[in-house]
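Structure first, commentary second.
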Amino acid sequence: MFIQISGIKKSFGSGESRTDVLKGIDIDIEKGEFCVLLGPSGSGKSTLLNIIGGIDSADEGYISINGEKTADMNEKSLTMYRRKHLGYIFQMYNLIPNLNIKENIEVGAYLSDSPLDVDDILKTLGLYEHRHKLPNQLSGGQQQRTAIGRAIVKNPDILLCDEPTGALDYNTSKEILQLIETVNQKYNSTIIMVTHNDAIKNMADRVVKLRDGVIRKNYINETKTKAADLDW
Amino acid sequence: MKNPMSKRIWREIKGEAGKYIVIFLFMTAIIGVVSGFLIADESLKTAYNESFEKYNIEDGNFRLANEADKDLIAKIEENGVKVYNNFYWQEKIEGGDKKLRIFPDRKEVNKTSLWEGDIPSGTGEIALDRVFAQNNKYKIGDKITMKGKEFEIVGLIALPDYSALYEDVTDFMFDSINFGVSVLSDEGIKDLDSANIFYSYSFKYNDPPKEHDSKEAIDMGNDFLEKLRAITPLEDYVPACSNIAINFSGSDLGRDRIFFIFMLYILVAIISFIFAVTTSNTIAKEATVIGTLRASGYTKAELIRHYMAAPIIVILIAALVGNVLGYTVLKGFMAQMYLDSYSLITYKTLINVSAFVDTTLVPIAILVGINLIMLIRKLSLSPLKFIRRDLKRKQRKKAFKLNTKIGIMTRFRLRVLFQNIPNYITLFFGIFFANVIIVFCLMLNPIIEELEKGTVDNMLAANQYVLRMPAQTKEESAEKYSMVDLEIRKNDHTDEVSVFGIENNSRYFHEKLDGEGVYISTPYAEKYGVEKGDTITLSKKYSDKEYKFKVAGIYEYPSSLTVFAQREYLNEVMDVDKEYFTGYLSSSKITDIDERLIATVITKDDLTKTTRQLKVSMGNMVDAFVVVGVAVFVLVIYMLAKVVIEKNTQSISIAKILGYNKREISGVYIRATTIVTIVSLIISIPVVDVSLKAAWRALMMSYSGWMNMSVPITVYAEAIGLGVVTYLIVAFFLSKKANKVPMDEALKNVE
């Protein structure tokens with residue numbers, strides 16, 4: 001199993017104000033799988049994604065990636081783990097304002113020993129003609145595409161997406177989802193996407209529904225729909 | 001692959017050009033001045049040290065009443081020395097009281113150093129000491145008249161045995177305004193009045209001491225004096241080690257080095273804190289980007305290097321440009337500070353490695369140290385915290401509680417104040433340091449004037465005659481005194497103290513001296529914390545012999561460290577004849593003693609030489625340092641207050657959208673800074689006073705003598721006034737900046 005999520009528990013606060021956000025999560029994800037974590041606000045999906053990404057820690061349980069447990073890693077090893085294996089996409093694009101589009105993607109490429117060709121990525125993302133522009137000269141969709149470019153340019157094994165379309169309109173959201181689908185297929189990246197948009201589950205290989213910190217459903221989507229055909 | 005993040009460093013510098021240019025210019029100027037000073041100081045000191053050999057400076061000189069014949073010279077030379085003629089003439093320049101000591105161009109010892117023009121070659125030509133000429137505005141080509149004869153100034157020179165223009169080694173202070181040295185051609189010398197000739201001879205040891213100012217040199221000087229006395233009567237004798245005209249400038253060179261370096265380091269520390277505060281603000285602004293980068297695998301070290309790069313580049317360039325300026329333009333300017341006071345010989349600029357270390361490597365180390373600590377602390381937060389913009393180390397459970405009876409605008413202002421406590425702490429220290437510089441500079445003149453006034457008001461007598469050998473007078477107001485120079489030895493520090501033996505019921509000393517009780521001067525009491533009833537211990541120079549005196553009282557005598565004893569008692573203690581005396585105190589001029597028996601006459605003019613010379617030496621420097629102080633003030637306030645506005649750009653924008661007017665917005669975001677600035681200005685004054693008193697005491701303890709630090713209240717008022725006026729100007733620009741915040745700022749980057 002490529003990613004093994006086993007018995008993850010996480011709570012915030014203490015005493016009376018203690019909130020159990022994750023109450024024992026077990027998921028197995030295959031290499032190259034497109035997994036969607038679905039659930040309402042407060043269901044614990046972003047917390048789970050952050051624990052998988054090694055930027056948060058679990059109180060109990062473990063995450064194993066390719067046989068390596070993240071809990072056994074110290075801060076330095078975790079940083080190296082993220083550097084070598086992970087790409088992150090957030091709802092807000094978090095681009096560096098005074099670097100142009102190409103340079104923002106190069107920021108991701110720098111982290112990899114075998115990055116993808118930046119110009120190819122720019123072309124794939126439809127950003128090539130905008131490559132010399134600064135982030136604030138682009139639309140939200142273009143900025144999110146840049147963030148995706150920054151995440152995928154280092155050719156990560158796993159792409160973690162936290163509500164990547166949360167701030168985008170319908171058409172732009174679909175464009176971004178198509179792009180993530182392309183990345184999944186073209187580079188065989190394992191994708192874990194957090195969303196509260198129910199329609200997106202249809203493009204996933206695996207759907208995990210969370211509510212109140214527990215898994216309500218975890219199933220393989222047998223009738224996968226192309227991102228272009230999604231509707232909501 | 002080169003880190004693409006490095007591309008934004010230049011853009012960041014360009015984006016914050018104002019901040020970086022101001023810091024760059026400030027640091028360049030400071031590093032340039034300090035580097036220039038250190039280079040000048042080292043170059044002059046080296047030239048001075050080398051001058052002993054290069055200009056063959058004498059090992060000592062003695063003066064005879066008449067010219068020595070060959071036999072006498074030969075007899076003297078049998079005592080391990082070579083003797084050289086060092087005859088001089090002394091004349092007054094017509095049209096004033098300026099005295100000129102005239103030498104021929106000495107070819108063997110104490111050779112002339114030519115600064116400008118030529119050495120006189122014919123009659124009617126003269127070369128003047130450069131400093132004396134400068135102080136009296138004489139230029140090459142000008143003419144001076146002595147004894148009715150006109151001389152054209154053809155050159156400006158320095159004589160290595162007069163690097164400080166002391167007319168006599170017993171003088172309190174050199175006086176480069178009223179006393180100068182000069183060189184005439186051999187023909188010119190022949191025309192001088194032979195009545196004014198002084199038969200001075202220089203000598204060099206055949207086997208000289210290793211160090212010219214060592215104990216060995218002192219012992220050799222004393223030994224030779226004994227031998228010389230046995231051969232011929234002397235009018236004067238000064239070994240080089242005791243000749244302050246030769247040594248004073250050398251001991252002063254390098255003395256201010258620590259002060260300059262300390263000032264540089266403090267300024268660099270302040271700039272480093274400004275960088276730390278502004279970088280911390282940038283980190284807060286870029287928190288989500290940092291979080292994303294960290295989540296993507298960027299290491300803390302990479303981000304630390306990135307955020308450290310711009311300040312280091314700016315300081316490094318400032319240090320390099322500062323050093324270039326130091327070696328070129330400012331070296332001359334800083335050397336001039338010494339050259340305005342001392343008649344130093346010509347010098348060559350030397351490459352100074354330690355100056356580079358002090359002005360470049362250490363400032364960078366300070367900057368890196370302070371910013372590294374801040375960055376390690378800031379960036380130690382988890383990526384998640386950055387992504388959530390949760391940059392507080394400890395989560396405050398509830399908002400800081402403020403009494404709701406306080407008006408909303410005041411509460412608003414207080415929140416801004418509490419939000420920016422690190423900025424305001426740095427601001428306080430910046431204001432404190434600026435005030436230290438400003439008050440220090442502003443207080444110097446009043447201190448010197450107070451000393452001058454105190455010295456004049458408390459003179460023992462209008463004329464204090466120091467005799468070379470006992471001589472009697474019929475002058476009625478004359479009163480005999482004896483005097484001996486002893487030393488106060490405390491820890492490693494030695495201070496010279498004059499002990500006066502005063503007549504019983506003296507008309508010039510206004511306390512009753514009874515037997516063994518002595519009075520000490522106010523500077524002595526203040527410097528060493530001696531009180532009435534204490535016992536003081538004084539030592540004989542170059543000896544282990546000690547003398548103990550019981551203090552009967554403190555006498556107001558601000559000019560020097562002095563002890564007053566009954567003459568008879570002092571003579572007894574010093575084991576000399578009870579009638580022994582060394583001079584006269586007299587309200588009138590004594591006219592019946594041969595001038596050659598008088599070593600010196602100390603008048604009001606002599607006692608104020610020190611203060612006059614201090615004013616000349618420090619004049620330009622004081623003004624320059626006030627400017628530095630104001631610059632620090634402006635820099636600190638503007639940079640830190642700017643951060644407060646930048647931090648709150650979005651809030652200011654929202655306030656504008658809500659309908660707050662410019663005055664109300666300034667009332668919240670600028671007035672918080674105004675309150676802190678004014679409070680810091682006021683609070684810093686007593687702290688400055690205490691700090692300066694401690695620093696002044698430490699400074700005075702390391703110098704010989706004592707100047708009381710009495711700062712008039714007007715100086716502090718002036719410092720606060722200067723601060724307020726400067727702040728008002730800065731606040732004007734800050735208001736403009738706050739007013740420029742666009743309303744759409746609030747609509748951007750909202751998550």
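Here is the naming used below: chain letters follow the sequence lines, and residue numbers restart at 1 for every chain.
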Checking heavy atoms, do the side chain of [X], its backbone, both or neither come under 4.5 Å from chain B?
X	answer
E75(A)	side chain
K154(A)	side chain
A109(A)	both

How long is the span from the [atom1] atom in [X] to the [atom2] atom in [Y], to the nearest 0.5 Å?
X	Y	atom1	atom2	value
I387(B)	M92(A)	CD1	CE	13.0 Å
R11(B)	L134(A)	CZ	CG	7.0 Å
N98(A)	E16(B)	CG	CD	10.0 Å
N94(A)	S296(B)	CG	OG	9.5 Å
T79(A)	K300(B)	OG1	NZ	7.5 Å

What do you reckon, is [atom1] of [X] surrounded by more than 12 foreign heavy atoms closer than 6.0 Å?
X	atom1	answer
R411(B)	CZ	yes
K76(A)	NZ	no
K31(A)	NZ	yes
Y170(A)	OH	yes
K123(A)	NZ	yes
F273(B)	CZ	no
E68(A)	CD	no

V107(A) backbone acceptor or donor facing Y298(B) side chain under 3.5 Å: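 Judged by distance alone, yes, a pair lies under 3.5 Å.
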Search all heavy atoms of [X] against all heavy atoms of [Y] and return the closest pair with its distance.
X	Y	result
R83(A)	G297(B)	NH1-O, 3.1 Å
R82(A)	A295(B)	CD-O, 2.9 Å
R150(A)	T292(B)	NH2-CG2, 3.1 Å

Segment of L293(B) engaging chain A (4.5 angstrom heavy-atom cut-off):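 For L293(B), side-chain heavy atoms alone lie under 4.5 Å from chain A.
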E12(B), part contacting chain A, at a heavy-atom distance under 4.5 Å: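 For E12(B), the contact with chain A is made by backbone and side chain together.
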Chain B interface, residue from L86(A), N50(A), D56(A), N104(A) that has the most non-hydrogen pairs under 4.5 Å: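 Of L86(A), N50(A), D56(A), N104(A), N50(A) has the most heavy-atom pairs under 4.5 Å with chain B.
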Pairs of heavy atoms under 4.5 Å with chain B: top-ranked of L160(A), L95(A), L99(A), N136(A):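 Answer, by heavy-atom pair count under 4.5 Å with chain B: L99(A).
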Heavy-atom pairs under 4.5 Å with chain A, option from M5(B), E286(B), K7(B) with the top count: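 When all of M5(B), E286(B), K7(B) are compared, K7(B) has the most.
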